[in-house]
Amino acid sequence: MNETEKVHCLIIGSGPAGYTAAIYASRANLKPVLYQGMQPGGQLTITTEVENYPGYANGVMGPQMMVDFEQQAQRMGADIRWGMATKVDFSSRPLKVEIDEEKWIEADSVIIATGASAKWLGLESEQRLNGHGVSACAVCDGFFFKGQEVAIVGAGDTACEEALYLSKLCSTVHMLVRRDEMRASKVMQARVLKTPNIKVYWNSETVEVLGENKVSGLKIRNTQTGAEQEIPLSAFFVAIGHQPNSALFNGILDMDDQGYLITQSDSSRTNVAGVFACGDVQDKIYRQAVTAAGSGCMAALDAERYLGALEGE
Ligand code: NDP
């Protein structure tokens with residue numbers, strides 16, 4: 001199949017940034033088409049309760065919040081579709097985006113809201129046992145290890161939050177911190193350190209995840225003494241941060257050394273006219289649902305202005 005379709009405003013990604021861009025673009029009559037990507041709703045679909053999104057006075061579950069965003073965008077008239085952007089050609093106008101390796105969309109403007117994904121340690125054993133006791137989402141998979149011993153690596157707010165979550169389900173949570181201090185906020189650290197069934201291993205790195213077909217233990221090394229030890233356990237959770245989903249734009253859009261798309265100051269404009277970026281793919285500082293939504297709004301307003309100027313040319 002090799003169809004081509006022409007749209008005014010194409011949005012790639014379906015987290016708070018993408019859906020907010022769709023709401024604003026619909027209301028501005030840009031008739032946006034939004035492709036949801038591999039994980040419709042994005043990272044919030046793998047969280048539990050969100051208590052800090054304004055407007056939800058009693059909190060809301062992350063997956064429900066994204067259903068609410070999607071329904072609002074749909075009600076405004078956004079054309080929301082299942083599908084992945086697989087290639088882009090921004091070398092001429094109209095801009096071109098390939099979907100699912102089979103169909104090209106021509107677009108007058110493109111809003112990129114592809115978010116970020118979990119990072120991995122890069123061990124062979126971690127990859128081999130992924131889905132068999134190795135996971136990057138305690139909230140999704142912790143339930144399967146109820147009453148068992150598990151480990152988590154990382155020392156940021158995510159790792160602390162997930163360790164606390166696991167401590168309510170599992171008998172012991174072994175937490176591996178690679179330095180002699182945690183990066184997490186003081187309040188999260190304090191909660192972790194006073195939880196009796198979370199055991200923190202300072203200056204510790206993961207050597208290998210043990211197990212043939214499922215996780216049976218962990219080999220760790222103390223980076224100060226070089227001493228190694230094995231801990232028998234059933235699951236290994238990785239919570240060491242995220243990387244922006246920007247590989248599609250390598251060599252096409254300006255990005256920093258970590259791959260975050262660079263937008264011009266006080267705007268969502270990228271280095272290609274008509275291409276805008278919002279949400280976690282361009283934000284390594286705040287990374288909150290509410291800031292992603294705010295930047296989605298900015299991208300739609302920038303796209304509207306760009307398209308208005310284009311029509312006046
Ligand atoms: P961070 O980048 O903040 O932390 C990543 C952690 O992983 C660091 O402790 C880092 O260690 C460790 N790490 C990285 N690579 C390795 C490795 N190869 N081996 C072992 N450890 C490693 O990511 P988070 O996902 O925790 O947080 C991202 C952002 O989201 C932060 O701004 C955070 O504050 C925010 N957030 C806020 C929450 C809240 O307020 N409730 C909840 C969750 C996240 P090192 O410190 O040594 O570099």
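Because the structure is predicted, anything quoted here is derived from the model rather than measured. Counting from 1, the numbers follow the sequence of the chain as shown. Both ligands and their constituent atoms are indexed starting at 1 by order of listing.
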Kindly list each side-chain donor-acceptor pair under 3.5 angstrom involving residues 110-121, sequence neighbours excluded, with atom names and distances?
from, atom 1, to, atom 2, distance (Å)
Thr114, OG1, Asn245, O, 2.7
Ser117, OG, Asn245, OD1, 2.7
Ser117, OG, Asn245, ND2, 3.1

| Salt bridge flag under 4.0 Å for residues Arg81 and Asp79 | yes

| note | For Glu161, the atoms of ligand 1 under 4.0 Å from one of its heavy atoms are 41 (N), 42 (C)

| request: Pick one of side chain, backbone, both or neither for how Val153 approaches ligand 1, counting any non-hydrogen atom pair under 4.0 Å. | output: side chain

| Would you say Gln288 has any N or O atom under 3.5 Å from an N or O of ligand 1, going by distance alone? | no

| message | Salt bridge or not between Asp108 and Lys6? Use side-chain N to carboxylate O under 4.0 Å. | response | yes

| field | Option set Asp157, Val187, Thr206, criterion heavy-atom distance to atom 40 (O) of ligand 1, minimum | value | Asp157

| field | Option nearest atom 2 (O) of ligand 1 (shortest heavy-atom distance, choices Glu51, Arg183, Glu162) | value | Arg183

| request: Taking the side chain as every heavy atom from C-beta outward, state whether Arg178 and Thr223 have any pair of such atoms under 4.5 Å apart. | output: no

| N/O donor-acceptor pair under 3.5 Å between Thr45 side chain and Pro63 backbone | no

| task | Not counting sequence neighbours, which residues clear salt bridge (charged side-chain N to carboxylate O under 4.0 Å, His left out) with Glu51? List them please. | result | none

| Close side-chain approach of Ile231 and Leu210, heavy atoms under 4.5 Å | no

| Shortest protein contact, atom 25 (O) of ligand 1 (heavy atom only) | Thr158 OG1, 2.6 Å

| query | Is Leu176 touching ligand 1 with its side chain, its backbone, both, or neither, if touching means heavy atoms under 4.0 Å apart? | reply | neither

| remark: Closest to atom 16 (C) of ligand 1 among protein heavy atoms sits Arg178 NH1, 3.4 Å

| field | Identity and distance of the protein heavy atom lying nearest atom 31 (C) of ligand 1 | value | Arg287 NH2, 4.0 Å

| request: Step through it carefully: locate the ring centre of Phe237, locate the ring centre of Tyr165, and say whether they are under 6.0 Å apart. | output: no

| message | Checking a contact table here: which protein heavy atom is nearest atom 19 (N) of ligand 1, and how many Å away? | response | Leu121 CD2, 3.4 Å

| query | Quick one: does Ala155 get an N or O within less than 3.5 Å of an N or O on ligand 1? | reply | yes

| remark: re atom 22 (C) of ligand 1, the protein heavy-atom contact at minimum distance is Ile240 CG2, 3.4 Å

